[in-house]
Amino acid sequence: MIGHNNGPTMEPGTSWRTHCWQQARRSLLKTVPIEIVRSQMVRARELGLNYKTYASIRAESGQDVVAFLFSTNALRLLRSQDVLAPEAAEQLEALQDCGRLLAVNPPLPLPQNPLFSTITRAPAPFAPWAEMRQSLREALGKFPSGGVVLVGAPEVEREWVTAGKLAAYLPASRYFSQETQHG
């Protein structure tokens, strides 16, 4: 209603309703068939993620991961003469049934790299939302935004997720760590 600041409700019984909702959610999570969990574990392995990371992305977005969007910052390609670290290249090559997209931060030139299906210009730093959204739409091409995970480096890239309606944000340090990888 007009003038409401969407703060916590003052109605009696709020804590009981919250408790009931939490119990219902817990009971739902316990009844996920083991076959689904197994297939999700296989998919997490194909994406180079551990199950917990994959399941949280899938639960939050409601979709499977169809592509990863990497920024040049995430890949530590900060100057035009920088090359992709062999470990990072190996992890990217291991991705299965998943698009690999690269957003090149200005002023770097657009490189040629067969690891990526699409290489485009990243949104300009602190660009208006409309520009950021348009840049991300071009970067995603045919991939639905809700199935694309952004792997970024500086925290400011996290806002690309909201602007582009992407599935999730993974810091590069976490994505390329052994903690996130399965097995």
Side-chain angles (χ1 to χ4, degrees), residues 25 29 32 36-79 82-106 108 111 113-127 129 132-133 135-141 143-183:
R25 190 166 194 296
L29 292 175
V32 175
I36 291 174
V37 173
R38 285 183 183 141
S39 69
Q40 288 181 350
M41 290 177 79
V42 168
R43 182 63 178 144
R45 195 173 310 119
E46 291 173 350
L47 297 172
L49 301 172
N50 64 35
Y51 176 73
K52 184 177 178 182
T53 301
Y54 172 73
S56 67
I57 291 170
R58 186 165 172 116
E60 192 172 313
S61 70
Q63 297 183 40
D64 189 23
V65 176
V66 295
F68 285 98
L69 173 61
F70 297 90
S71 73
T72 48
N73 290 326
L75 298 174
R76 297 186 177 269
L77 301 173
L78 308 176
R79 297 177 306 250
D82 290 345
V83 294
L84 190 59
E87 302 82 26
E90 187 177 307
Q91 189 171 345
L92 292 177
E93 286 175 357
L95 286 173
Q96 297 175 24
D97 298 321
C98 180
R100 294 178 294 240
L101 314 172
L102 178 63
V104 179
N105 294 79
L108 295 175
N113 191 321
L115 281 176
F116 299 98
S117 57
T118 304
I119 299 174
T120 60
R121 186 70 51 204
F126 310 106
W129 281 91
M132 199 181 301
R133 186 177 307 114
S135 178
L136 291 165
R137 280 189 186 141
E138 290 170 10
L140 299 183
F143 294 104
S145 60
V148 178
V149 174
L150 170 65
V151 179
E155 199 60 31
V156 71
E157 289 178 353
R158 183 183 291 269
E159 63 188 21
W160 295 3
V161 172
T162 305
K165 298 181 181 178
L166 305 179
Y169 173 82
L170 280 177
S173 58
R174 183 171 168 209
Y175 180 79
F176 290 108
S177 74
Q178 292 302 315
E179 163 194 325
T180 307
Q181 296 174 26
H182 181 81

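In this chain, numbering begins with 1 at the start of the sequence shown.
- Under the side chain to side chain contact (heavy atoms under 4.5 Å, CB included) criterion, V83 pairs with no residue at all, not counting sequence neighbours.
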* Derivation of the side-chain contact (heavy atoms from CB on, under 4.5 Å) call for L166 and V149 -> CA-CA 6 Å; L166 305 179; V149 174; over 6 Å; no
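- With sequence neighbours excluded, the residues satisfying side-chain hydrogen bond (donor to acceptor under 3.5 Å, both in side chains) with R158 are E155.
- For the pair V151/S71, no side-chain contact is recorded, criterion being any heavy-atom separation below 4.5 Å from C-beta on.
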* To do: Let me see the working for S117 and F143 under side-chain contact (heavy atoms from CB on, under 4.5 Å), right down to the final yes or no.
  => CA-CA 11 Å; S117 57; F143 294 104; 4.2 Å; yes
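- Remark: T118 engages no residue in a side-chain hydrogen bond (donor to acceptor under 3.5 Å, both in side chains) (not counting sequence neighbours).
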* Steps toward side chain to side chain donor-acceptor pair (under 3.5 Å) verdict (E138, T120) -> CA-CA 8 Å; E138 290 170 10; T120 60; over 6 Å; no
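- Every residue two or more places apart in sequence or in another chain that forms a salt bridge (Lys or Arg N to Asp or Glu O under 4.0 Å) with D82 is listed here: R79.
- Side-chain contact check for F176 versus L75: some heavy-atom pair is nearer than 4.5 Å.
- Checking Q40 against Y54 by side-chain atom types alone, no donor-acceptor pair falls below 3.5 Å.
- In terms of the salt bridge (Lys or Arg N to Asp or Glu O under 4.0 Å) criterion, residue partners of E46 (sequence neighbours excluded) are, by chain and number, R43.
- Here the straight-line distance linking atom CE of M41 with atom CG of L49 works out to 13.0 Å at 0.5 Å rounding.
- Every residue was checked against the salt bridge (Lys or Arg N to Asp or Glu O under 4.0 Å) condition with R38, not counting sequence neighbours, and none meets it.
- Proximity of a side-chain donor or acceptor of E90 to a complementary backbone N or O of P86 within less than 3.5 Å is not detected.
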Report all side-chain donor-acceptor pairs from residues 92-103 shorter than 3.5 Å, counting only partners two or more places apart or in another chain.
unit_1: R100; atom_1: NE; unit_2: L115; atom_2: O; d: 2.5
unit_1: R100; atom_1: NH1; unit_2: L92; atom_2: O; d: 2.7
unit_1: R100; atom_1: NH2; unit_2: L115; atom_2: O; d: 3.4

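- Looking at L140, V66, L69 one by one, the single match for side chain to side chain contact (heavy atoms under 4.5 Å, CB included) with S145 turns out to be L140.
- Between the side chain of S56 and the main chain of K52, a donor-acceptor pair closer than 3.5 Å is present.
- Considering all non-hydrogen atoms of both residues, S61 and G146 come closest at CB-O, 3.6 Å.
- Of the inter-residue distances, the one linking N73 atom CG with E157 atom CD reads 4.5 Å to the nearest 0.5 angstrom.
- The aromatic rings of F68 and Y175 are tilted relative to each other, their planes meeting at an angle between 30° and 60°.
- Listed by chain and residue number, W129, M132, L136 satisfy the side chain to side chain contact (heavy atoms under 4.5 Å, CB included) test with A163 (two or more places apart in sequence, or in another chain).
- L108 approaches L77 most closely through the heavy-atom pair CD1-O, 3.0 Å.
- Not a single side-chain hydrogen bond (donor to acceptor under 3.5 Å, both in side chains) links E87 to another residue, sequence neighbours left out.
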* Asked: I57 and Y169: side-chain contact (heavy atoms from CB on, under 4.5 Å), yes or no, with the steps?
  -> CA-CA 9 Å; I57 291 170; Y169 173 82; over 6 Å; no
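- Between T53 and R174, some side-chain heavy-atom pair lies under the 4.5 Å cut-off.
- Legend: residues meeting side chain to side chain contact (heavy atoms under 4.5 Å, CB included) with P125, ordered by chain and number and at least two apart, are P106.
- Take R137 and apply the salt bridge (Lys or Arg N to Asp or Glu O under 4.0 Å) test, not counting sequence neighbours, and it matches no residue.
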